[in-house]
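Each chain gets a letter, A, B and so on, in the order its sequence line appears, and its residues count up from 1.
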2 protein chains.
Amino acid sequence: MGNDIERALKLFIVLSRASKVVLEESNQLLDDYNLNPSEFAVLELLYHKGKQPIQKIGQKILLRSGSMTYVVDKLEGRGLLERVTSLEDKRIIYIVITPTGEELINDIFPKHEQHIKKMMSGLTVDEQNQAIDLLKKLGLSVKNLS
Amino acid sequence: MGNDIERALKLFIVLSRASKVVLEESNQLLDDYNLNPSEFAVLELLYHKGKQPIQKIGQKILLRSGSMTYVVDKLEGRGLLERVTSLEDKRIIYIVITPTGEELINDIFPKHEQHIKKMMSGLTVDEQNQAIDLLKKLGLSVKNLS
DNA sequence: TATTGTTATACTCTATAACTATA
DNA sequence: TATAGTTATAGAGTATAACAATA
């Protein structure tokens with residue numbers, strides 16, 4: 001049926017638009033702290049999961065080693081993280097978040113949370129729960145296609 | 001309540017992930033045709049709305065005039081569109097999609113539609129309709145915040 | 001003077017390939 | 001040999017500012 005296609009396209013469009021406005025809003029907060037999404041992803045990972053080898057981080061946030069060096073250089077230059085060579089295997093360099101980096105994330109996170117909460121408040125509690133279930137289901141099924 | 005924040009963050013994450021996998025999937029199709037999202041946006045606009053001044057297109061897809069020149073040059077080089085100077089106001093240059101450009105869009109669109117339909121088929125018809133309503137509401141309310 | 005579009009330039013982010021050092 | 005990370009280089013895409021042509 002043609003309606004199936006129309007419905008799917010409609011869903012595609014509203015999903016794209018909703019995520020675009022939401023992501024742009026949340027990126028504005030990162031801009032205030034001069035962080036791009038890759039840099040924020042690295043810091044957040046270190047903050048929540050502790051020290052990590054550079055290579056592991058690159059695998060998680062989908063950046064090649066050369067690009068990781070670039071990102072880490074920038075964050076290290078700002079004193080937000082440090083390189084620490086592994087004692088067991090000197091090829092491995094751990095990245096560790098510094099107190100300054102932790103302060104930054106401590107500063108950003110509450111604002112980030114309030115920002116997100118405000119954005120989502122256009123939906124009722126029930127609607128948010130419904131949306132969570134539907135989007136989780138959609139995301140998983142699309143991921144399984146590939 | 002802390003739960004409000006947790007729920008909002010959860011929604012933020014599932015929305016980001018779902019849209020990311022969906023958009024990456026749909027961009028793969030554009031890659032096959034060597035089009036980046038900006039180029040596709042220009043062609044689609046011309047295809048559906050007819051000839052447009054370069055400046056108007058830039059306003060709609062959020063690109064500055066210098067960047068528009070770059071994008072239009074590339075598409076013109078591939079014979080997908082043409083520049084046509086306005087006769088009433090010679091400062092204005094309309095961009096017109098060529099038959100080759102229309103063929104390309106004619107070729108892409110059915111595949112695009114089927115691709116989207118397949119991605120969305122992880123949700124039932126009712127679920128898709130619910131998701132459309134919720135995302136439309138969310139997108140509009142976030143847009144009105146700014 | 002104001003507007004449309006182009007040119008020239010620079011910047012950010014990413015990828016790639018060759019390289020160093022360690023294993 | 002293989003792996004972790006760096007260096008050097010290149011490319012895409014965008015922004016900015018100065019500019020020419022037109023209004």
Query raised in the report: Base, sugar-phosphate alone, or nothing: which one does B:Glu39 contact when heavy atoms must sit under 4.0 Å apart?
Result: nothing

Requested in this report: To the nearest Å, give me how far apart CG (A:Asp73) and C1' (D:dA8) are.
Outcome: 13 Å

Query raised in the report: Roughly, in whole Å, what's the span from CD1 in A:Ile93 to P in D:dT3?
Result: 18 Å

**Report entry** Nearest-nucleotide comparison on DNA chain C, the residue closer to the 5′ end among A:Ser65 and A:Leu87
**Finding:** A:Ser65

Requested in this report: Look at A:Lys74 and C:dT12 and indicate whether a side-chain polar atom (N or O) is within less than 4.0 Å of OP1 or OP2.
Outcome: no

Query raised in the report: Do we see a donor-acceptor contact under 3.5 Å between the side chains of A:Gln128 and B:Lys10?
Result: no

**Report entry** Residue list, side chain to side chain donor-acceptor pair (under 3.5 Å) with B:Asn27, at least two apart or on another chain
**Finding:** none

Query raised in the report: Any idea which of D:dA23, C:dG5, D:dT3 is nearest the B:Pro53 side chain?
Result: C:dG5

Query raised in the report: Among D:dA2, C:dT16, C:dG5, which is the nearest nucleotide to the side chain of A:Arg91?
Result: D:dA2

Requested in this report: Can you tell me the distance, in whole Å, between the CG atom of A:Leu75 and the P atom of C:dC13?
Outcome: 10 Å

Query raised in the report: Taking the side chain of B:Thr69 as its heavy atoms from C-beta onward, which of C:dC13, C:dT6, D:dT22 lies nearest to it?
Result: C:dT6

Query raised in the report: A:Arg64 CZ to C:dA18 C1': how many Å, rounded?
Result: 16 Å

Query raised in the report: Which is it for B:Asp73 and B:Arg83 under the salt bridge (charged side-chain N to carboxylate O under 4.0 Å, His left out) test, yes or no, and what are the steps along the way?
Result: CA-CA 9 Å; B:Asp73 281 349; B:Arg83 286 173 161 94; 3.0 Å; yes

Requested in this report: Provide, to the nearest angstrom, the distance between the CD1 atom belonging to B:Ile57 and the P atom belonging to C:dG5.
Outcome: 9 Å

Query raised in the report: Would you say a side-chain N or O of A:Ser38 is under 4.0 Å from OP1 or OP2 of C:dT14?
Result: yes

**Report entry** Nucleotide nearest B:Lys90 (side chain, heavy atoms from C-beta), chosen from D:dT22, D:dT6, D:dA15
**Finding:** D:dT22

Query raised in the report: Roughly how many Å is it from CG in A:Leu35 to P in C:dC13, rounded to a whole number?
Result: 10 Å

Query - Selected nucleotide, minimal atom distance to B:Ile54 side chain, candidates C:dT6, D:dT14, C:dA2 - result: C:dT6

Requested in this report: Name the residue closer to the 5' end of DNA chain C, choosing between B:Asp89 and B:Gly66 according to the nucleotide with the nearest heavy atom.
Outcome: B:Asp89

Query raised in the report: Which of these nucleotides, C:dT4, D:dT14, C:dG5, is closest to any side-chain atom of B:Tyr70?
Result: D:dT14

**Report entry** Length of the CD-P vector between B:Glu88 and C:dT3, whole Å
**Finding:** 19 Å

Requested in this report: Looking at every strand, decide which applies to A:Lys56 at a 4.0 Å heavy-atom threshold: base, sugar-phosphate, or nothing.
Outcome: nothing

Query raised in the report: Would you say B:Arg83 reaches C:dT6's phosphate, i.e. side-chain N/O to OP1/OP2 under 4.0 Å?
Result: yes

Query raised in the report: For A:Ile92 and C:dA21, what is the distance between atoms CD1 and C1' respectively, to the nearest whole Å?
Result: 13 Å

Query raised in the report: Ring centres of B:Tyr33 and B:His112 under 6.0 Å apart?
Result: no

Report task. State which residues pass side chain to side chain donor-acceptor pair (under 3.5 Å) with B:Tyr70; sequence neighbours excluded, sorted by chain then number. Result -> none

Query raised in the report: In terms of side-chain heavy atoms of A:Ser67, which of D:dG5, D:dT14, C:dT14 is nearest?
Result: C:dT14

Query raised in the report: Using a cut-off of less than 4.0 Å, is there contact between a side-chain N or O of B:Asn36 and OP1 or OP2 of D:dA12?
Result: no

Query raised in the report: Does A:Lys137 pair with A:Asp133 as a salt bridge, N-O distance under 4.0 Å?
Result: no

